[in-house]
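Because the structure is predicted, anything quoted here is derived from the model rather than measured. Counting begins at 1 with the first residue of the sequence. What's counted below: heavy atoms across the whole structure, side chains too, no hydrogens, waters or symmetry copies.
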Amino acid sequence: KTSRVSAHTHIKGLGLDDSGYASPIGAGLVGQEKAREACGIVVDLIQSRKMAGRALLLAGAPGTGKTALALSIAQELGPKVPFCPMVGSEVFSS
């Protein structure tokens, strides 16, 4: 069986400790500690069923790690959570 290899195959989660704080290097992510901690809060809200909806929109400049954070959220939520990356032109087309 072959497996697909993509740009973010090294990401295994958010790299947070038990208290929800991010280590500088963890689970395949480097830096972005505050963003990873904020994503940890989102994961906690989803797992406690206090956040409804089917999608999460991350906005920001190119190259800031949005796709990596989105993939790590999906990894934290478990294997049954799909990860469907999209670009803005797929959503807002004329």
Side-chain angles (χ1 to χ4, degrees):
K1 182 177 179 181
T2 60
S3 64
R4 292 178 58 190
V5 177
S6 66
H8 297 295
T9 56
H10 60 283
I11 296 174
K12 304 299 180 204
L14 288 169
L16 303 176
D17 59 14
D18 293 335
S19 60
Y21 292 103
S23 59
I25 299 173
L29 295 171
V30 177
Q32 295 282 4
E33 287 93 356
K34 290 185 180 187
R36 289 168 34 210
E37 290 169 3
C39 288
I41 293 171
V42 170
V43 168
D44 289 340
L45 287 172
I46 293 170
Q47 288 176 337
S48 65
R49 301 188 187 275
K50 293 183 179 178
M51 183 175 177
R54 294 182 176 263
L56 180 66
L57 178 64
L58 300 176
T64 56
K66 297 177 298 292
T67 304
L69 289 172
L71 179 59
S72 61
I73 289 172
Q75 294 281 342
E76 289 284 331
L77 290 173
K80 292 187 176 184
V81 175
F83 175 68
C84 304
M86 299 177 73
V87 294
S89 61
E90 293 176 5
V91 178
F92 298 106
S93 61
S94 55

Engineer: Under 3.5 Å, which donor-acceptor pairs link side chains of residues 38-51 to any protein atom two or more places apart or in another chain?
Structural biologist:
| unit_1 | atom_1 | unit_2 | atom_2 | d |
| --- | --- | --- | --- | --- |
| Ser48 | OG | Asp44 | O | 2.9 |
| Ser48 | OG | Leu45 | O | 3.2 |

Engineer: Which donor-acceptor pairs under 3.5 Å do the side chains of residues 55-74 make with protein atoms, sequence neighbours left out?
Structural biologist:
| unit_1 | atom_1 | unit_2 | atom_2 | d |
| --- | --- | --- | --- | --- |
| Thr64 | OG1 | Ala61 | O | 2.8 |
| Lys66 | NZ | Gly60 | O | 3.2 |
| Lys66 | NZ | Ala61 | O | 2.7 |
| Ser72 | OG | Ala68 | O | 3.2 |
| Ser72 | OG | Leu69 | O | 2.7 |

Engineer: Given the rule that I, L, V, M, F, W and Y join up when any side-chain heavy atoms are under 4.5 Å apart, are Leu14 and Val30 in one cluster?
Structural biologist: no
Engineer: Among residues two or more places apart or on two chains, list those pairs meeting side chain to side chain donor-acceptor pair (under 3.5 Å) that have a residue in residues 19-43.
Structural biologist: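 Applying side chain to side chain donor-acceptor pair (under 3.5 Å) to every pair that reaches into residues 19-43, excluding sequence neighbours, yields Asp17-Ser19.
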